[in-house]
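Below is one structure; the comments refer to it alone.
Index from 1, following the sequence. Below, all heavy atoms of this structure are taken into account, side chains as well, without hydrogens, waters or symmetry copies.
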Amino acid sequence: MDAIKVLIENIIRACGVSGGAVPVVRHVALAVVAVLLAWLAEALCRRLLVPLVRRITSRTAVTWDDVLFSDKVLLAFCRVVPAVVIWQLLPLVFYQFPTAREVISRLTAIYITIATAHLFVVFINTFKNLDTGHGTNTRQYMQTFCGVLKILLLFVAAIVVVAIAINRSPMTLLAGLGATSAILMLVFKDTIEGLVAGVRLTSNDMLHVGDWITVPAAGADGTVEEMTLTTVKIRNFDNTIITVSPTALVSGSFRNWIGMQQSPGRRVSRKLLFDVRSIHFTDEGTTNMTLFRQAVEDYLQENELLNHDMLMMVRQLEVTQYGIPLELYFFLKEKAWKEYEHQLAAIVEHVAAMTPAYGLRLAAPVRTA
């Protein structure tokens, strides 16, 4: 740096500048040189470093390096380099103005801290795009861990920025936070609870992106679109969006239909109510209701829409004042909502249409005054 200063002074004298104008011209020239060197450093990073790293990562067989050293990460790194160059050249530029050097040095250090924190945040965000090969569970756990890591990183960055601004040691500020921890926990109570609940949801394998869930307390019935440390975004089947906190899911109750989606069949349980007065004997010991039940079971056994490896039965329930309930219990192979409802309706309608052939009548709906 001294060589640069001597060179600038020689150039100034060679230009014929003398007297009181020399310090002013010298400092302006040094400032211009510092800015040019910072710009040159960033240009070299963008024009040389980024293409070089991109070329190296593209030639490797693995894909994780393409994700971790993406353009976003490299460009964030390039923003830190010129600030470091300026910070190193400040003693040269303002060697006769200690106060100005101190102020600009602190501002530059604050910028370096913020830019470095942004670099690490961008780097951590790239982990979301990594293909771990272990399904969504590991990916969600990774996202939760990255969220916690980003919070800790931003907290430390904030402490360092404040320490630089007031010219104190960051360790002194961290030690002083013990006295205010109770207040911080009170202020960030909901955030901390949401953070813990989010970790529980992912670590205990309770919820995944893409799951169909119902949350009666929140009026949610749809697919999980996004999970963060503090919110779970659910798209209902009417395309409305409901945001539920992880705390509400952990402390309350919700139904996850993932078991049904992964099973080989979706359950059907439908009840038909028959008029008691239509039941009669067809011979000495057999009733038309018995023949009807056997005929329905035969129809279900022959129906290719059902999964016959799962439980299937037609059973009579407890008699009520409105009639005798007959329950159809089976599992359809189709699990998609629309197709499931169509197949279910077709089967129930077919069974209802069979009743007149056996002399049975479905009970009329009860009218209330």
*asked:* Check this for me, if you would: do Glu225 and Lys233 make a salt bridge, where the nitrogen-to-carboxylate-oxygen distance has to be below 4.0 angstrom?
replied: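 Between Lys233 and Glu225 there is no salt bridge, as every charged N stays at least 4.0 Å from the carboxylate O atoms.
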_Glu102/Arg106 salt bridge by N-O under 4.0 Å criterion_ = yes
*asked:* Run the side-chain contact (heavy atoms from CB on, under 4.5 Å) test on Ile234 and Thr223 for me, step by step, so that the C-alpha distance in whole Å, both residues' side-chain angles and the decisive distance to 0.1 Å come before the verdict.
replied: CA-CA 5 Å; Ile234 305 168; Thr223 305; over 6 Å; no
Pairwise distance [atom1]([X]) to [atom2]([Y]) - rounded to 0.5 angstrom:
X      : Y      : atom1 : atom2 : answer
Leu300 : His350 : CG    : NE2   : 9.0 Å
Cys45  : Arg79  : SG    : CZ    : 12.0 Å
Asn236 : Thr240 : CG    : OG1   : 3.5 Å
Lys72  : His118 : NZ    : NE2   : 9.5 Å
Glu226 : Thr243 : CD    : OG1   : 8.5 Å
Leu154 : Phe120 : CG    : CZ    : 12.5 Å

Between the side chains of [X] and [Y], does any donor sit under 3.5 Å from an acceptor?
X      : Y      : answer
Asp221 : Trp212 : yes
Lys150 : Asn125 : yes
Thr290 : Thr287 : yes

_Trace of the side-chain contact (heavy atoms from CB on, under 4.5 Å) decision for Met312 with Leu306_ = CA-CA 9 Å; Met312 187 276 293; Leu306 275 63; 4.0 Å; yes
*Hey, mind stepping through Arg46 and Glu42 against salt bridge (charged side-chain N to carboxylate O under 4.0 Å, His left out) and telling me if it holds?*
CA-CA 6 Å; Arg46 287 178 178 270; Glu42 183 181 11; 3.2 Å; yes
Nearest atoms (heavy-atom pairs only) where [X] meets [Y]:
X      : Y      : value
Ile86  : Ala34  : CD1-O, 3.6 Å
Ala83  : Thr108 : O-CG2, 3.4 Å
Gln316 : Met289 : NE2-CG, 4.2 Å
Gly359 : His280 : O-CE1, 4.0 Å
Pro356 : Ala353 : CD-O, 3.3 Å
Ala218 : Ile242 : O-CD1, 3.5 Å

If you define the side chain from C-beta out and look only at heavy atoms, does anything of [X] sit under 4.5 Å from [Y]?
X      : Y      : value
Thr286 : Asp283 : yes
Ile213 : Val215 : yes
Tyr299 : Val351 : yes
Phe281 : Asn288 : no
Cys78  : Val50  : yes
Trp39  : Pro82  : no
Leu326 : Arg293 : yes
Leu49  : Val81  : no

*Show your reasoning for whether side-chain contact (heavy atoms from CB on, under 4.5 Å) applies to Ile159 and Val162.*
CA-CA 5 Å; Ile159 294 296; Val162 174; 6.0 Å; no
Keeping [X] on the side-chain end and [Y] on the backbone end, is there a donor-acceptor pair under 3.5 Å?
X      : Y      : result
Ser278 : Leu360 : no
Glu327 : Tyr329 : no
His308 : Asn303 : yes

Single-linkage hydrophobic cluster [X]~[Y], side-chain heavy atoms < 4.5 angstrom:
X      : Y      : value
Leu332 : Val348 : yes
Leu249 : Val209 : yes
Leu344 : Leu272 : yes
Val35  : Leu89  : no
Leu291 : Val276 : yes

_Please verify the inter-ring angle class for Phe292 with Phe274; under 30° counts as parallel, over 60° as perpendicular, anything in between as tilted._
perpendicular
*Could you tell me how the ring of Phe237 sits relative to the ring of Trp337: parallel (under 30°), tilted (30 to 60°) or perpendicular (over 60°)?*
tilted
*Test of ring centre spacing under 6.0 Å for Phe123 and Phe77*: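 Between Phe77 and Phe123, which both carry aromatic rings, the centre distance is not below 6.0 Å.
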*Show your reasoning for whether side-chain contact (heavy atoms from CB on, under 4.5 Å) applies to Ile347 and Phe330.*
CA-CA 11 Å; Ile347 292 175; Phe330 54 90; 3.9 Å; yes
*With a cut-off of 6.0 Å (strictly less than), are more than 12 heavy atoms of other residues, nucleotides or ligands near OH of Tyr340?*
yes
